[in-house]
Peer 1: 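I am attaching a structure below and will ask some questions about it afterwards.
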Amino acid sequence: MTDSSDRREQRLEKLERQREQGIDPYPPRVERTHTSAEALAAYSGEAGETEVGVAGRLVAIRIMGGSTFAHLADGSGRIQVYLRRDVLGEELYDLFRRTIDLGDFVSARGTLFQTRTGEITVNVSSWRPVAKTLRPLPEKWHGLRDVETRYRQRYLDLLANEDVRTIFVTRSRIVSAVRRFLDEQGYIEVETPVLQPMYGGAAARPFTTYHNALGQTFYLRIADELYLKRLIVGGLEKVYEIGHNFRNEGVDTQHNPEFTAIEMYEAYADYNDMMCLIEALYHDVAVRVLGSETITYQGQEIVLTPPWRRVSMRDAILEASGIDIEIERTQDALVRAAAARGITLVSQSGWGKAVEKLFESVVEPRLVQPTFITDFPAEVSPLAKIKPGAPHLVERFEFYIGTLECGNAFTELNDPLDQRERFAAQVQAAADGDAEAHPMDEDYIIAMEHGMPPTGGLGFGIDRMVMLFTDQASIREVILFPALRSAAADSASEPD
RNA sequence: GAGCCGUUAGCUCAGUGGUAGAGCCCCUGCCUUUUAAGCAGGUUGUCGCGGGUUCGAGCCCCGCACGGCUCACCA
C-alpha cells in the first residue's frame, strides 16, 4: 500500500485497481429490484427465501476478516448487507475489502435473513461497484456543522444531517399544499415575466441587467403584482403565481436577495375576503402538512385556527404605545410623541413612513399569534384603494405570525386616474431621494384604463411560511442554496 | 454599510508566547452474525491570507478575505 497522505489520491488508486480488474467504476446502469425499504418489507420471515437486488451509498462498513457487514443507504432508508469470503470467493470479497470506501455506491444481490440481533440483512451472493467516491464524506457522529460548508456544499449537509433533509421535504409539501388549496378554490396558476422592462409592485431596489439583441435594459422582477393585475383586466378572475422575486437589498436572517413569493388576485373580492382566504390557507396547509393546527415557533406555541385577530394599524399602535396616529397627523408630531415616550424614530420622509416605523418598533415584536394589521397610510401604499371616508388610509393589511411579517394584501386600486396620481407622488418621492419609490408605469395605467373590476390581492413569502412551519430562525435554513459571497477566488477560474 | 464573534487534520473540536493535539475518518496487521464492531500499530497540517512585534507567534498588533450574530434597509 502506498503511504500517500492524500485521501483523494488513495481513492483514485482504488478506482484504478477496479479498472485493472476489468470493472467499470461508473457503469451506466444499475440492476436493482428493490429499494431498501421494499427489500425490508419483502422479507418472508424465512432465511434464504427472498431474493433481492439493492443499490445505494455505503454509509457504514464493518470488516471482520472473512466477513463484512455494511449499510447501504438509498432514498427510502438503509439496509444492511453481509458479505462472506466463503460465499463470494477470494477475488470478489477482496475487491470489496481493497477498493471500496465509505460513501461509494454499490449494488448487491442476495437473499434476506435475520441476524442474531434480528436485523433483516442481505446475504450477498454477488455485488459490484456502481459509482466510486473520490472525496470523504462528513463524519458520522457530529455530522457537518460548519455553516459556510453547509450552505456552499448543501449536498453534504443533506447527506449528513437528516433534520436538514426533513426541512426541504417539508418545504416541498408546503408548496404543493398551497397549490392544491388554491386550485380547489378555482384559482389558476400563471407565469409572468421575471425579466421586465419596468419593475414595480413593491417598494424595493431592483437588479438591473441588459439584453444584447434588444439593446435594452431589463430588471429582475421585485413583485408579480402589475402583471397579474393585467390578467384581471383580461378576464382571468382568479390567478396566482409562485416564483422568485429579486430585491437588491440587505441580506440577513430574514432576507435573501432571491426569494420565493406567491401572489394571488381575485376579481370581485376585497381585502376582507383576502383575510378569510389566507387564514383558511395557512390553516389548511398546516393541517395537511404538519397534521396540526398549532405550530411551535422558536419556543412559542402558535394557533393557526381561524379567525385570526384583526386590528387596525391605528388601534395596534395606540394599544402598544398610547400614541394615536390620527391625532399626530404629521411626521413631526409623530416623532415628538414617540420621543416623549422614549421611542426614537429615525428621521423619516413623511407621516406614512413614520407610522410604519413606529409600528415596527412598538407593535411588531408583540405579534406572536396570527394577526391582521389593517388600514395603512395611503402614501406608503401606491397600489391600494383608498378607504372610504379616510382619504389618508387605504384598504390594506399585513399579517404577522411569530413576529414575522408574513404577507401583504389590499383592495386593489382600479381607478386609473387615481393610480396615475399615486405614481406621480412616487416619482416625486424618488426625486426627493427615495431609492425604493415606485416608478411611473404608463403601460400598466393603460391596462387599467381598459377597465379593471374591483379586486382583492394578496402576496406572501413562501420562505417565511416554511420558516414558521419548520421552526427555523434563519431564511438560509429553508433555501437550498442561499446567496453567499463568492468563496475566496481560485484566481485562474474567472469565467469569460 | 457599522459593531461583536469565528476561521487549527477529510469531519467535530481542544490548544492564552516556548517541539502542532484529541475523537472519528484514513492506512497496516489480526478478526466469518457485526451495527458508534473490537484489538495492536501508524499517517495527516500553508493553524483563512498578508504584514508587524518578539530570541521565539496557532496564541499579541495591523490590514484583507469568507462566515455567523446584532443593528441599519427591506419581505
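Residue numbering restarts at 1 for every chain, and letters A, B, ... go by the order of the sequence lines. Since the structure is predicted, the reported quantities are computational estimates derived from the model, not experimental observations.
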Peer 1: Please classify the nucleic acid contact of D252(A) as base, sugar-phosphate, or nothing, using heavy-atom distances under 4.0 Å.
Peer 2: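 Result for D252(A) = base.
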Peer 1: Using OP1 and OP2 only, check whether a side-chain N or O of R62(A) sits under 4.0 Å from rA37(B).
Peer 2: yes
Peer 1: Does a sphere of radius 6.0 Å around CZ in R205(A) hold more than 12 heavy atoms from other residues, nucleotides or ligands, not counting ones at 6.0 Å or beyond?
Peer 2: no
Peer 1: Which one, rU32(B), rU34(B), rC31(B), comes nearest to the side chain of I63(A)?
Peer 2: rC31(B)
Peer 1: For W308(A) and F399(A), take the angle between the two ring planes, folded into 0 to 90°, and tell me which bin it lands in: parallel under 30, tilted 30 to 60, perpendicular over 60.
Peer 2: tilted
Peer 1: Scan side-chain atoms only and decide if Y297(A) and T403(A) contain a donor-acceptor pair under the 3.5 Å cut-off.
Peer 2: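 Side chains of Y297(A) and T403(A): no pair found under 3.5 Å.
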Peer 1: Just by distance, no angles: are the side chains of D157(A) and Q153(A) close enough, under 3.5 Å, to form a donor-acceptor pair?
Peer 2: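 Result is no, nothing qualifies.
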Peer 1: What nucleic acid atoms does A202(A) come within less than 4.0 Å of, heavy atoms only: base, sugar-phosphate, or nothing?
Peer 2: nothing
Peer 1: For the base of rU33(B), is there a side-chain donor-acceptor partner from S67(A) under 3.5 Å away?
Peer 2: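 Answer no: no donor N or O sits under 3.5 Å from an acceptor.
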Peer 1: D94(A) CG to rU32(B) C1': how many Å, rounded?
Peer 2: 14 Å
Peer 1: Do R7(A) side-chain and rU44(B) base share a donor-acceptor contact under 3.5 Å?
Peer 2: yes
Peer 1: Please state the C1' separation for the pair rC59(B) and rG15(B) - nearest whole angstrom.
Peer 2: 9 Å
Peer 1: Just checking R247(A): base, sugar-phosphate only, or nothing, at a heavy-atom cut-off of under 4.0 Å?
Peer 2: base
Peer 1: Given that both distances must come in under 3.5 Å, which nucleotide forms a Watson-Crick or G-U wobble pair with rC39(B)?
Peer 2: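 Paired with rG29(B).
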Peer 1: Looking at the side chain of T253(A), which of rC31(B), rC73(B), rC69(B) is the nearest nucleotide?
Peer 2: rC69(B)
Peer 1: Pick the closest RNA chain B nucleotide for E119(A) and for F259(A) by heavy atoms, then say which residue is nearer the 5' end.
Peer 2: E119(A)
Peer 1: Determine the interatomic distance between C1' on rA40(B) and the same-named atom on rG52(B); round to the nearest Å.
Peer 2: 48 Å
Peer 1: Could you check how far CD1 of I373(A) sits from C1' of rA75(B), rounded to whole Å?
Peer 2: 16 Å
Peer 1: Could you measure between the two P atoms, the one in rC13(B) and the one in rC71(B), and give it in whole Å?
Peer 2: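 Rounded to whole Å, the distance is 25 Å.
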Peer 1: At what distance, to the nearest 0.5 angstrom, does CG of L95(A) lie from CG of L88(A)?
Peer 2: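 These two atoms lie 10.0 Å from each other.
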Peer 1: Looking only at atom C1', what distance separates rU34(B) and rU70(B), rounded to whole Å?
Peer 2: 49 Å
Peer 1: Write down the distance separating the C1' atoms in rA75(B) and rC60(B), rounded off to the nearest Å.
Peer 2: 44 Å
Peer 1: Taking the side chain of R464(A) as its heavy atoms from C-beta onward, which of rA75(B), rA37(B), rG1(B) lies nearest to it?
Peer 2: rA75(B)
Peer 1: What is the separation between atom CD on E249(A) and atom P on rC73(B), rounded to the nearest whole Å?
Peer 2: 11 Å
Peer 1: Among side-chain atoms of D74(A) and T35(A), is any donor-acceptor pair under 3.5 angstrom?
Peer 2: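 The answer is no; no qualifying pair exists.
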Peer 1: Select one nucleotide: of rG1(B), rC27(B), rC25(B), the one nearest the side-chain heavy atoms of Q10(A).
Peer 2: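 Ranking rG1(B), rC27(B), rC25(B) by closest atom to the Q10(A) side chain puts rC27(B) first.
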Peer 1: Please determine, for rG48(B), whether a Watson-Crick or G-U wobble partner exists with both distances under 3.5 Å, and give it or none.
Peer 2: rC64(B)
Peer 1: What does G461(A) touch in the nucleic acid at a heavy-atom separation under 4.0 angstrom: a base, only the sugar-phosphate, or nothing?
Peer 2: nothing
Peer 1: Please report the distance, rounded to the nearest Å, between CG in L156(A) and C1' in rC25(B).
Peer 2: 15 Å
Peer 1: Would you say a side-chain N or O of R145(A) is under 4.0 Å from OP1 or OP2 of rU12(B)?
Peer 2: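 For rU12(B), OP1/OP2 do not have a side-chain N/O of R145(A) under 4.0 Å.
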Peer 1: Would you mind checking if R98(A) and E13(A) are paired as a salt bridge, meaning a charged N to carboxylate O distance below 4.0 Å?
Peer 2: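 So E13(A) does not pair with R98(A) through a salt bridge.
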Peer 1: Please determine, for rG10(B), whether a Watson-Crick or G-U wobble partner exists with both distances under 3.5 Å, and give it or none.
Peer 2: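 Checking every strand shown, rG10(B) finds its partner in rC24(B), with both distances under 3.5 Å.
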Peer 1: If you pin G65(A) and I61(A) to their nearest nucleotides in RNA chain B, which one's is more 5'?
Peer 2: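 Between the two, 5'-proximity favours G65(A).
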Peer 1: Contact class for F460(A) (heavy atom, under 4.0 Å): base, sugar-phosphate, or nothing?
Peer 2: nothing
Peer 1: Assign N248(A) to base, sugar-phosphate, or nothing according to its heavy-atom contacts below 4.0 angstrom with the strands shown.
Peer 2: nothing
Peer 1: Does a side-chain N or O from K14(A) land closer than 4.0 Å to OP1 or OP2 of rC26(B), or not?
Peer 2: no
Peer 1: Any strand is fair game: report the nucleotide pairing with rG18(B) by Watson-Crick or G-U wobble, both distances under 3.5 Å, or none.
Peer 2: rC55(B)
Peer 1: Tell me whether the side-chain N/O atoms of T68(A) come closer than 4.0 Å to OP1 or OP2 in rU34(B).
Peer 2: no
Peer 1: State, without any angle test, whether D375(A) and Y271(A) hold a side-chain donor-acceptor pair at a distance under 3.5 Å.
Peer 2: yes
Peer 1: Tell me the interatomic distance from D146(A), atom CG, to rC5(B), atom P, rounded to whole angstroms.
Peer 2: 19 Å
Peer 1: Can you tell me, in whole Å, how much space there is between the P of rA57(B) and that of rU19(B)?
Peer 2: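 Straight-line distance between the two P atoms is 12 Å.
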Peer 1: If rA72(B) has a Watson-Crick or G-U wobble mate with both distances under 3.5 Å, name it; if not, just say none.
Peer 2: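 Here rA72(B) is not engaged in any pair, so there is no nucleotide opposite it.
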Peer 1: Have a look at D86(A) and say if it touches a base, only the backbone sugar-phosphate, or nothing, with a 4.0 Å heavy-atom cut-off.
Peer 2: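 Since a base atom lies under 4.0 Å of D86(A), the category is base.
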Peer 1: Taking only side-chain N and O atoms of R152(A), does any of them lie within less than 4.0 angstrom of OP1 or OP2 on rG67(B)?
Peer 2: yes
Peer 1: Over how many whole Å does the gap from R485(A) atom CZ to rG68(B) atom C1' extend?
Peer 2: 13 Å
Peer 1: So does R476(A) get a side-chain nitrogen or oxygen closer than 4.0 Å to the phosphate oxygens (OP1/OP2) of rG68(B)?
Peer 2: yes
Peer 1: Is G143(A) touching bases, backbone alone, or none of the nucleic acid, heavy atoms closer than 4.0 Å?
Peer 2: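 Contact class for G143(A): sugar-phosphate only.
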Peer 1: Can you measure Q153(A) atom CD to rC66(B) atom P for me and round it to whole angstrom units?
Peer 2: 17 Å
Peer 1: Return no unless some side-chain N or O of R8(A) is found under 4.0 Å from OP1 or OP2 of rG10(B).
Peer 2: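 So the side chain of R8(A) is outside the cut-off, no N or O lying under 4.0 Å from OP1 or OP2 of rG10(B).
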Peer 1: For the residue pair F69(A) and Y82(A), categorise the inter-ring angle as parallel (less than 30°), tilted (30 to 60°) or perpendicular (more than 60°).
Peer 2: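 Plane angle under 30°, so parallel.
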Peer 1: With P as the reference atom in both, quote the distance from rG45(B) to rU53(B) in angstrom, rounded to an integer.
Peer 2: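 One P to the other, the span is 30 Å.
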Peer 1: Nearest to the side chain of E148(A), heavy atoms from C-beta on, is which of rG67(B), rU12(B), rU28(B)?
Peer 2: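 Among the listed nucleotides, the one closest to the side chain of E148(A) is rG67(B).
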Peer 1: Base, sugar-phosphate, or nothing: which does E398(A) touch, judged by heavy atoms less than 4.0 Å apart?
Peer 2: nothing
Peer 1: With a non-hydrogen cut-off below 4.0 angstrom, is K357(A) in contact with a base, only sugar-phosphate, or nothing?
Peer 2: sugar-phosphate
Peer 1: Without decimals, in angstroms, what is the distance between I462(A) CD1 and rA75(B) C1'?
Peer 2: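 One finds 13 Å between C1' of rA75(B) and CD1 of I462(A), rounded.
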Peer 1: Side chains of S381(A) and R396(A): any donor to acceptor distance under 3.5 Å?
Peer 2: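 Checked: R396(A)/S381(A) side chains pair up, N/O donor to acceptor below 3.5 Å.
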Peer 1: Suppose you measure atom P in rG3(B) against the same atom in rG38(B); what distance do you get, rounded to whole Å?
Peer 2: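 That atom pair is separated by 50 Å.
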Peer 1: Is R98(A) touching bases, backbone alone, or none of the nucleic acid, heavy atoms closer than 4.0 Å?
Peer 2: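 Result for R98(A) = sugar-phosphate.
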